[in-house]
Structure formats: structure tokens, C-alpha cells
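Scope of the values below: all heavy atoms of this structure, side chains included, with no hydrogens, waters or symmetry mates. Residue numbering restarts at 1 for every chain, and letters A, B, ... go by the order of the sequence lines.
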Amino acid sequence: MNAIFEGIGASVRRKEDLRFISGRGHYTDDMNRTGQLHCILKRSDRPHAIIRSIDTSAAKAAPGVVAVFTHADLDADGVGGVPCGWQIHSKDGSPMVEPAHPVLATGRVRHVGDPIVAVIAETRQQAKDAAELLVIDFEDLPAVAHIADAIAPGAPLVHDAAPGNTCFDWHIGDKAMVDAAFERAAHRVKLDLTNNRLVPNAMEPRCAIGDYDPMSGDFTLITTSQNPHVIRLLMGAFVLHIPEHRLRVVAPDVGGGFGSKIYHYAEEAIVTWAAGKLHRPVKWTSDRTEAFMSDAHGRDHASTAEMALDAEGNFLALRVSTVANLGAYLSTFAPAVPTYLSATLLAGVYRTPAIYAEVRAIFTNTVPIDAYRGAGRPESTFLLERLLDTIAHDTGIDRIELRRRNFIPADAFPYQTPVALQYDSGDYQSTLNAALKAADWDGFPARKAEANSRGKLRGIGVSTYVEACGIAPSKLVGALGARAALYEVAQIRVHPTGSVSVFTGTHSHGQGHETTFAQLVASQLGIPYENVDIVHGDTNKIPFGMGTYGSRSLAVGGSAMVKAMDKIILKGRKIAAHLLEAAVEDVVFENGQFTVAGTDRSKSFGEIALTAYVPHNYPIEELEPGLEETAFYDPANFTFPGGCHICEVEIDPETGVTTVVNFTAVDDVGRVINPMIVEGQIQGGVAQGIGQALLENAVYDQQGQLVSASFMDYTMPRADDLPNISVGTETTLCTHNPLGVKGCGEVGAIGSPPSVINAVVDALSDYGVRHLDMPATAHKIWSIINASGMKMAAE
Amino acid sequence: MYDFTYEKPTAIAAATATLAADMEAKALAGGQTFIPVLKQRLNKPTVVVDLSKLGLTGITVTPSTVTIGAMTTHATVANSAEVQKAIPALAHLASMIGDRQVRARGTIGGSLANNDPSACYPSAVLALGATITTDRRTIAADDYFQGMFTTALEQGEIITSVTFPVPEKAAYQKFRNPASRYAMVGVFVAKFAAGVRVAITGAAQGGVFRHAAFEAALSANFSPDAIAGIATPADDLNSDIHASAEYRAHLIGVMSKRAVAAA
Ligand SMILES: Cc1cc2nc3c(=O)[nH]c(=O)nc-3n(C[C@H](O)[C@H](O)[C@H](O)COP(=O)(O)OP(=O)(O)OC[C@H]3O[C@@H](n4cnc5c(N)ncnc54)[C@H](O)[C@@H]3O)c2cc1C
């Protein structure tokens with residue numbers, strides 16, 4: 001096989017898929033340790049209640065039961081609460097309200113699914129049997145689940161320490177400038193909209209195994225995590241007080257995360273702590289029902305957006321006010337999502353000169369909400385791109401023309417937005433042009449007429465977006481409230497015969513890192529792709545790392561690999577210079593060969609590796625033997641992928657059913673290492689975006705019960721809900737990382753939802769529809785059509 | 001699941017004896033409804049009697065009837081050339097149930113014994129005026145369905161087969177619940193020399209029901225237009241997060257017209 005062909009830009013088949021699709025992956029629940037016990041959590045079935053008493057006696061006496069733990073046992077051991085990793089300050093400078101988030105409910109339960117008691121038995125069935133014998137005396141309290149109810153005057157309080165249920169009341173931008181622009185505007189367009197609450201539903205439910213070795217004092221946690229080092233840090237330092245060298249966290253094969261497996265969850269602490277108490281391994285596996293009420297949910301924002309425009313349709317100022325539901329407790333990154341990951345994107349791809357956004361984050365008696373694929377950027381993109389079409393609707397300016405007129409021009413980069421970010425590169429006209437062409441935008445009227453002749457409504461919608469990922473510069477995020485850094489780490493170990501192990505602090509849970517990273521390293525070092533192995537997901541093997549989320553793995557983790565490889569190559573040149581009796585400056589490295597420039601004298605990568613480990617003829621006085629390097633890479637900026645999504649729908653006016661008939665995505669994700677994997681990532685993201693736009697909705701009733709608590713009621717998108725998704729890329733390179741890469745993991749889920757709703761609104765234009773909230777279900781659309789029919793009949 | 005004893009008898013008498021002797025004994029067919037219920041610990045049987053070795057599978061077609069053994073899977077009915085020829089609507093209905101895995105295990109007997117208000121088969125049985133044969137008697141479709149999850153079956157009674165009269169024309173139209181893919185509204189229309197029968201599933205609180213107004217109109221004139229002006233009252237229909245009663249009432253009209261057009 002040709003090493004160069006296998007390098008950057010080739011659609012290499014994914015290495016990992018053989019084991020995944022043949023059932024030979026190693027997921028956490030596949031693993032069983034000798035003497036392992038099973039933990040079942042008794043969870044609250046009440047949205048909000050005082051726990052008057054817990055009687056564990058019958059459960060403790062049940063067959064096979066080894067231990068039954070409540071918060072009292074944790075308290076006695078000094079176990080801390082689940083920490084939050086990001087601190088936001090309110091407008092007035094006060095820190096956010098950060099209520100205790102106990103590992104097991106203490107005094108009160110605050111959402112359906114809140115864990116109360118851990119029952120640990122020899123078998124899972126015995127633990128379940130025993131959990132049924134627990135007697136818990138509750139005193140129900142009034143609950144709030146929906147944003148409107150939680151902010152209503154006199155609403156029941158989720159936490160006594162948070163008056164008005166407010167966690168923080170934050171803002172960004174120049175209010176005076178925005179107010180002034182609104183004063184002199186020719187047009188003002190206002191839109192109220194919500195971003196629906198979602199349940200992530202990774203294919204593999206969460207699972208955790210705790211283990212303890214009383215001889216060494218070492219704890220091990222095997223867990224379904226996107227970031228084992230972050231879990232080690234949070235759980236070790238804040239919850240269980242175990243120093244790093246005594247705590248190993250392993251995240252083996254993980255079946256999807258989409259954000260929901262970033263966070264440190266109570267169950268991880270429970271099994272690790274219990275293993276230490278009982279001196280036996282303890283396993284907890286979530287079932288799907290449990291996942292619905294314990295995995296962090298996503299989105300759930302209610303916003304008002306207002307744009308001021310001049311007479312020509314140029315944007316003058318944007319004003320946004322958002323209430324973000326954070327659920328009952330603060331999940332790890334929850335406060336960052338509606339603020340620094342969302343409001344900072346409100347410039348979008350437009351040169352709006354003044355922006356002011358305020359975000360009030362609130363507590364409700366619902367499952368905690370945190371980052372979910374796109375994390376904040378889908379919310380701001382939906383808001384902005386719906387507002388764009390509403391402006392077009394209200395002012396009569398063509399929606400494509402409106403976008404073109406306000407785009408940040410390609411020659412304006414780097415571009416400083418009024419909401420903190422500086423975009424490094426992009427070309428929004430070119431992604432728009434490519435998408436319009438690929439989607440045959442001009443042919444739409446003919447397709448619409450044909451659909452009408454079949455009695456169908458047809459609509460087309462566009463969304464042009466930019467997002468910020470590749471997170472993140474540590475100093476910047478530190479200033480914005482992050483309690484951790486966001487660099488990445490790579491260690492490259494060249495073995496004596498020239499094969500390479502790469503240790504990365506990122507974590508692959510479906511993204512294909514084992515393939516993409518191997519392509520990257522093989523091409524840079526000029527060695528066969530098969531000679532590179534990617535190792536991730538174990539704090540005892542990997543020096544350090546922050547994990548995978550925010551489309552950061554290649555941009556940050558890959559850049560760390562490049563830096564480590566640079567060190568390897570520099571050392572290799574020194575060794576080669578010695579062997580070839582040349583000056584280091586004269587030795588160049590190309591295609592796996594160290595060559596004295598302008599000569600045919602060279603040494604292969606393998607020869608240099610062997611020399612490094614068998615240093616018989618070696619500059620031993622100046623150079624250590626061995627060939628292994630580590631690099632920490634802290635990015636200079638976020639990366640800014642962007643693009644254009646075009647959706648075309650048909651609606652059956654008799655039933656309200658929407659069918660997505662065409663979907664076109666043209667994205668700028670920077671340099672593409674593996675086009676097949678990029679296409680797959682974008683298609684998967686679009687599938688989730690279409691899911692959010694048309695199907696998915698986490699529904700709580702007024703009392704705080706989760707109504708859509710299983711796949712019987714929560715509409716996951718299925719293959720036949722989706723069209724063929726056409727994916728194209730138009731590339732501008734990232735200017736500040738060595739690979740020029742931007743990230744492709746979330747763009748699909750960020751760009752697509754507004755294109756779908758814009759298409760639905762377009763299809764319903766004859767019915768006087770100006771806006772429609774997600775999900776645009778058949779029932780919702782039929783109700784609109786039905787109401788307008790009744791109106792027309794009455795006229 | 002809770003612990004239980006598992007039996008796989010080879011004679012109907014043995015199965016019914018176990019089921020009759022113990023109020024907590026339960027029959028197991030394809031397990032597509034029953035096993036999830038067990039896994040969620042919503043049922044605690046003492047004995048589970050597997051019906052798969054009782055010889056209750058198979059399809060027999062005569063010029064005027066189609067008889068399907070209770071343990072015949074949805075996939076078998078959907079793929080049967082004989083059913084496709086005699087009552088294509090029945091094969092089509094079976095092909096619309098659940099997904100491939102569910103159709104490979106789920107059975108007609110299990111579906112009818114369970115009588116889920118959103119299940120598909122009850123509409124075919126009622127609209128075609130089928131006869132349900134059990135280990136001890138035959139039951140006419142009109143007497144069989146008695147409200148959601150409730151049937152004329154007695155404790156320990158086992159369905160052995162179902163016999164469908166062959167209609168002149170028939171069709172099934174299903175509006176799927178977007179999440180569960182069960183019927184949110186399912187309409188089975190069947191035209192016989194003696195008249196038209198229309199059964200609606202998925203929509204009503206009480207489960208499958210016959211639509212008298214549609215039947216009368218279609219018996220006089222079997223065309224979609226005949227029922228276009230007839231509104232279905234929403235009073236006894238289900239309302240949930242997926243569809244209001246009014247929407248279901250509307251869909252009954254739409255799906256019925258489509259069924260008539262497709263028949
Ligand atoms: C994901 C999924 C999707 C589905 N979608 C649909 C759908 O779209 N439409 C639809 O109609 N159904 C649907 N079903 C249900 C499916 O059709 C089941 O097969 C059916 O409800 C039960 O049949 P079973 O053979 O699996 O019975 P089981 O689950 O084994 O038994 C069900 C009940 O019937 C009793 N029983 C079974 N056989 C007999 C018998 N011969 N005599 C007396 N009692 C008996 C059992 O004791 C039990 O109480 C779906 C199921 C699943 C899991």
C-alpha cells in the first residue's frame with residue numbers, strides 16, 4: 001500500500017468498524033471483574049419532595065444484598081457533591097447560585113430520576129428485588145418543569161438559595177449602542193421562539209464499574225466517558241478526594257456520547273466509593289428508561305430576538321433575551337452552554353455592528369441540562385436563521401439577498417465580532433453559492449408546481465451559519481469562567497523497529513479517531529498507515545488530556561500530535577546528521593527519509609528509530625537515546641467552521657405530515673483528512689438536526705413528570721424519516737493551527753434545524769405562517785392548516 | 001424480570017391445564033409485548049407457558065376463507081403468497097407492524113389476545129368479521145373485543161386460529177404514531193356482498209371499533225366521496241402528546257377515504 005495515498009485526504013475505511021459491527025467491541029458493560037457486585041439505584045419518581053425518612057432494613061436483609069447506602073453513609077465518609085466546571089457571573093458581578101448537587105439525594109428530591117439509595121448485591125436481580133423493599137416517606141412539594149412556570153411570580157423554588165429560580169442573569173455586548181441603533185432603525189423585526197428540549201440517547205446507555213485494590217490503595221473506574229482525565233480530575237479532587245496517582249479512569253469503547261458522556265455523574269462516584277468500602281468491584285448499568293431520566297438533556301431555551309435594520313436591509317443591531325432551563329442541578333458545563341457557547345455566536349455570518357444579549361439561567365424540577373451535540377451553537381443558529389427568514393417575510397427582501405447583503409465578506413478576516421469572538425477565516429458567499437447550485441435552488445418553482453399538482457405543499461429553506469469549536473484557548477476560557485484548561489496532549493512513541501504508538505488525550509466514541517489520527521501520523525512521518533496505533537481512553541496510559549467534545553479532537557488533539565511529531569523529526573534529524581556526518585541544518589525529512597539536502601545520502605525513518613534505541617553509533621553526549629516525545633497544544637483561538645444547509649420539504653395538507661425530500665449541506669470544515677468520515681459526521685449531525693426540527697421533544701407535564709420517557713413516546717429519527725443527505729465541502733483553512741483544520745463533529749446538528757423549519761414555514765406561506773417552533777410535528781402543522789381553514793370558512 | 005417457571009408443552013390440553021390451574025400462569029407467544037412487560041417487572045407470573053410447540057402455526061386458504069394459526073408470525077403472513085392473493089390487505093397490514101425483528105417473532109394470536117388499543121390486527125379481524133377459534137370454542141369478532149387490553153377470552157383460554165372470510169375488496173391504511181410506530185389511527189375497510197365493514201384502531205379509548213356512519217355510507221356507495229362529508233365525533237377518542245382527539249377524528253376520515261381508494 002502506498003503510504004502517501006493512505007495519508008491526508010483519502011477516504012480510508014475505518015479501522016475500528018470491524019470490531020464494532022462484528023460485536024467484538026469492548027464496552028464497559030461487556031467487562032466483568034472477579035467478585036463483582038451490582039448496584040441498582042432507587043430513584044425518585046416524584047418531581048419535587050422532602051424525604052421524611054428512608055427505611056432500608058428490609059432491603060438490607062434481602063437475599064444477596066451486600067450493602068444499602070444513602071447520603072448519610074456518603075456524608076460520614078466526607079464524600080463531596082458533584083462539582084460544576086464553569087462559573088458564570090451575573091450582570092451585577094455576583095457569582096451564579098451554585099446549590100449543592102449531592103451524589104445521593106439529601107433531604108429533598110428535585111427531579112424524577114434523582115438518585116436516593118444505592119442497593120448493592122451479588123446479582124443485578126437481587127439488587128432490583130431489594131430496591132423494591134425500600135420504604136421512603138416523601139412529602140410532596142409543588143414542582144416547576146417549564147420555563148414559563150419557573151419564572152412566574154411566586155413560583156415554587158427548586159432551591160431555596162435561588163430566588164426566582166434564577167441561577168444567574170448574565171449579559172454580553174453593548175446595550176447602549178444597540179438601543180441607539182434601534183432608535184434610528186428603518187425596520188425592527190421581532191421574533192419569540194423556543195429551542196426544544198432533547199434527550200441525547202446515545203446507543204450505549206451509561207455504565208460504570210468501580211474497583212479498589214486494598215494492597216496498593218489504587219482505585220479504578222471504568223466508565224462510559226468522553227473524557228477520562230476530566231472525570232479523574234473532578235471525581236478525584238472534588239468528590240472522593242483520591243489523588244491522581246491512586247485513581248485510574250478507563251473509558252474503553254464507548255457507543256456514542258453527543259455530549260451526554262462528558263459530565264461527571266453521581267453513579268461514577270457511587271461505584272468507585274462503594275468499591276473502596278466493600279473491597280469488591282461494583283458495577284452499575286443504566287437501562288434505557290433510567291437514561292431518559294438521568295443522562296443530561298439538551299437545549300430548552302426560550303428567547304426573544306429583535307433585529308434593527310436600515311432602509312436597505314443592512315443589519316444595525318441585534319437584541320436577544322433568553323431564558324435557559326438548566327434543570328434541577330448544575331451539570332458539569334451547563335452554565336457555559338447558553339452563555340459563552342451560544343450568545344457569543346449571535347453575530348453568525350453577518351456583520352451586525354452591535355449586539356446585546358442577556359441570558360437568565362433557571363432551575364426547574366427536571367433532569368439537568370448540559371451540552372448536547374452543538375452545545376449552544378444550535379440554539380443561537382436557530383434563533384438567528386429563523387430571525388433572518390422572518391425579516392425577509394416582514395420586509396419583503398429576498399431571503400438569499402438579505403443574507404448576501406449582510407455577510408461578513410471573505411476579505412474581512414480576521415473579523416472581530418461585537419460578541420467577543422474573532423473569526424479567523426471563512427467565505428460565506430462561496431458556501432452559499434455552492435449549496436444553491438447543488439440544491440438546484442433555481443429549479444425549485446418547477447418542483448413546487450409539480451408537487452402542488454399532486455396536492456402537496458412544497459417549501460425550501462436555507463440556513464447560513466458559523467460556529468465556534470476546536471475548544472479552546474485555556475487563558476481565554478479561564479477568563480470566561482472555565483474551571484479547567486482546554487489544551488490537548490499527545491505522546492508519540494516510536495518503537496525500535498519504526499512502528500508508532502500515539503497516545504492521545506482525546507477520546508473516540510464513534511468518531512473514527514483510530515483511522516483519522518493514524519492517517520495523519522502516517523502521512524507526516526512517511527510510514528505505512530498500518531504501522532500506527534492510536535491509544536486513548538486510559539489515564540494510566542495517556543499522559544493527560546481533556547477529551548472529546550466541541551469538535552476539538554483533530555483541531556486541538558491533532559495539532560498536539562503535529563507538535564509531538566515535530567519534536568520526533570527534529571531529534572531524528574540530529575541522529576541522521578550524526579550518521580550521515582552532516583550538519584543538522586542540512587538534513588531534511590521528507591516521505592519518511594532523512595536526507596542531506598542536495599545529495600542522495602539518506603536514512604529511513606526505521607533506521608533512525610533503531611539507532612535511537614540501539615545507540616552504538618550515536619551522539620550520546622548531546623542526545624538521549626530513545627524516540628518518544630510529548631506535546632501539549634493550547635490553541636490560539638477557537639476554530640470557525642461554517643456553511644450553508646438547504647432543506648426541501650413536502651407537506652401533505654390533509655394530514656400535516658412533513659417529508660424531507662432533499663437535503664444539501666455545503667460546509668467549510670477546514671482541511672479534510674478523511675472525506676468519508678467527514679461526510680458521515682455531517683450526515684449524522686444533520687440526522688439529529690432533522691430529528692430536533694421535526695420529531696424529537698422531551699415533554700414534561702405541568703407537575704414535572706417526564707411524559708416522553710421512552711421510545712414509545714420520544715420520537716428518535718429513524719432511517720426512513722431521513723432523506724439522502726448530500727454533503728459537499730468548500731474549504732478555507734484555519735489560520736492558527738498547524739493542520740488548517742476546523743472541525744466537523746457538530747456542524748450538521750448546528751446548521752440544519754433552521755433550514756428545516758425555514759422550509760416548513762415556506763411551504764406553509766399560503767396559510768399566513770410566520771414562525772413555527774420545533775418540533776414541527778404533523779399534529780402541529782395540521783392544527784395550523786385546520787385553524788386557517790376554519791378562519792377562511794368563517795370569512 | 002422476576003423468577004418464574006418455564007414450560008414448553010407439546011399438547012394444547014397440557015398448556016390449558018397449567019393455565020387453568022394457576023391464575024398467575026401466563027402464555028408466551030412471540031414475546032414482543034410480554035417480554036418487555038416482564039423486563040420492566042410489571043408482571044409477576046408463576047409459570048410461563050410457551051405456546052411454540054403446540055402446532056399452532058400455518059395458513060390455510062379456501063375460496064371463501066383464510067385461516068391463520070395463532071402462532072403464525074407477522075412476517076409469515078406478510079410474505080405469504082396465498083394471503084397476498086386472497087386478502088392482500090391482510091398481508092399488507094402484517095407487513096406494516098413494528099419492524100423486521102418484531103415481525104419475525106410477534107404472532108397474530110399474541111396480538112389478538114393482548115388487544116392493544118393501538119395494535120393493527122384487531123382492525124382486520126373486526127372489519128373482516130373474522131372468527132376466533134380457541135381451545136374450547138369459536139368467538140365472533142363482534143363479540144371478541146371488549147375494550148382496551150380486554151377480550152372475551154377466559155382465564156387460561158388459548159387462541160388456536162383465526163378465520164377470515166375473503167372479502168370482495170379490502171384495504172388497511174395506517175397512520176403511525178411517530179414514536180412507537182403503532183397505529184395512531186389505523187383503518188381497515190372491507191367490502192362484502194352483504195355490505196361494507198369499517199374498523200378503526202389506535203384512535204379510541206376503548207380500542208378497536210366499527211364506524212357505523214362510514215359503513216352505512218360506503219355500503220350505499222363504495223367511494224371516498226361517500227364519506228367525505230361525514231365527521232367523526234372526537235368525544236371518545238384518545239388525546240395525548242402525539243395527537244389530540246380532534247386530530248385523530250380528522251385522521252379517521254382521511255385514512256378511511258384512502259383505504260376505500262386503495263381497496
Ligand atoms: C417495537 C415494537 C413495535 C410494535 N409495533 C406494532 C405495530 O405497529 N402494530 C401492532 O399491531 N403491534 C405492534 N407490536 C406488537 C407486536 O405485534 C406483538 O407481536 C403483539 O402485540 C403480541 O404478540 P406476541 O406474539 O409477541 O405475544 P406475546 O408478547 O408473547 O404475548 C402477548 C399477550 O398475549 C397472550 N397470548 C399470546 N398468545 C396467546 C394465545 N395464542 N392465546 C391466548 N393468549 C395468548 C400472552 O399471554 C400475553 O399476555 C410491536 C411490538 C414491538 C416490540
CG (A:D773) and OG1 (A:T194) are apart, to the nearest 0.5 Å, by 3.5 Å
Honestly, the part of A:K128 sitting under 4.5 Å from a heavy atom of chain B is both
Smallest heavy-atom separation, B:R248 atom then B:V185 atom, equals O-CG2, 3.9 Å
CD of A:E696 to OG1 of A:T715, rounded to nearest 0.5 Å, is 8.0 Å
Of the listed A:D713, A:V657, A:V707, the one with the largest count of heavy-atom pairs under 4.5 Å with chain B is A:D713
Ordered numerically, the heavy-atom neighbours of chain A under 4.5 Å found in residues 250-261 of chain B are B:H250, B:L251, B:V254, B:M255, B:K257, B:R258
Is there a donor-acceptor contact under 3.5 Å from the side chain of A:S783 to the main chain of A:H779?
yes
The interface call for B:D240 against chain A, heavy-atom contacts under 4.5 Å, is neither
Residues of residues 101-109 of chain B with a heavy atom under 4.5 Å from any heavy atom of chain A, in residue-number order, are none
Point to revise | Beyond-backbone contact of B:S123 with B:Y172, side-chain heavy atoms, under 4.5 angstrom | key: yes
Note to self: I want to check something: taking the side chain as every heavy atom from C-beta on, are B:N115 and B:P122 in contact at a cut-off of under 4.5 Å?
What the structure shows: yes
Interatomic distance, CG@A:L695 vs CE@A:M774, rounded to 0.5 Å, equals 12.0 Å
**Message:** Taking B:R181 first and then B:D99, would you say they form a salt bridge - that is, a charged N and a carboxylate O separated by under 4.0 Å?
**Reply:** no
Separation between OG (B:S239) and OH (B:Y247), nearest 0.5 Å, reads 12.5 Å
Bottom line for A:D287: the part with an atom under 4.5 Å from chain B's heavy atoms is neither
| query | Can you find a heavy atom in the side chain of A:I781 that is under 4.5 Å from one in the side chain of A:T658? | reply | yes
query: With distance as the sole test, does B:H74 use its side chain to make a donor-acceptor pair with the main-chain N or O of B:R100 at under 3.5 Å?
result: no
Taking a cut-off of under 4.5 angstrom between non-hydrogen atoms, the residues of residues 207-234 of chain B near chain A are none
Counting heavy-atom pairs under 4.5 Å with chain B, the top scorer among A:D701, A:N697, A:T777, A:D652 is A:D652
Smallest heavy-atom separation, B:T151 atom then B:A113 atom, equals CG2-O, 3.8 Å
Among residues 27-47 of chain B, those lying within the under-4.5 Å heavy-atom range of chain A are B:K39, B:R41
- Main-chain N/O of A:Y700 paired to A:H146 side chain as donor or acceptor, under 3.5 Å: yes
Rounded to the nearest 0.5 Å, the NE2 atom of B:H242 sits from the CG atom of B:N177 at a distance of 4.5 Å
Is a side-chain N or O of A:Y714 found less than 3.5 angstrom from the main chain of A:V199, in a donor-acceptor match? yes
(Q) Within the structure provided, determine whether A:L694 and A:V756 are in side-chain contact (heavy-atom separation under 4.5 Å). (A) yes
Q) Checking A:S710 side chain against A:M712 main chain: does a donor-acceptor pair fall under 3.5 Å? A) yes
May I ask you to decide if B:L126's main-chain N or O and B:R197's side chain share a donor-acceptor pair within less than 3.5 Å?
yes
OG of A:S260 to CG of A:D295, rounded to nearest 0.5 Å, is 5.0 Å
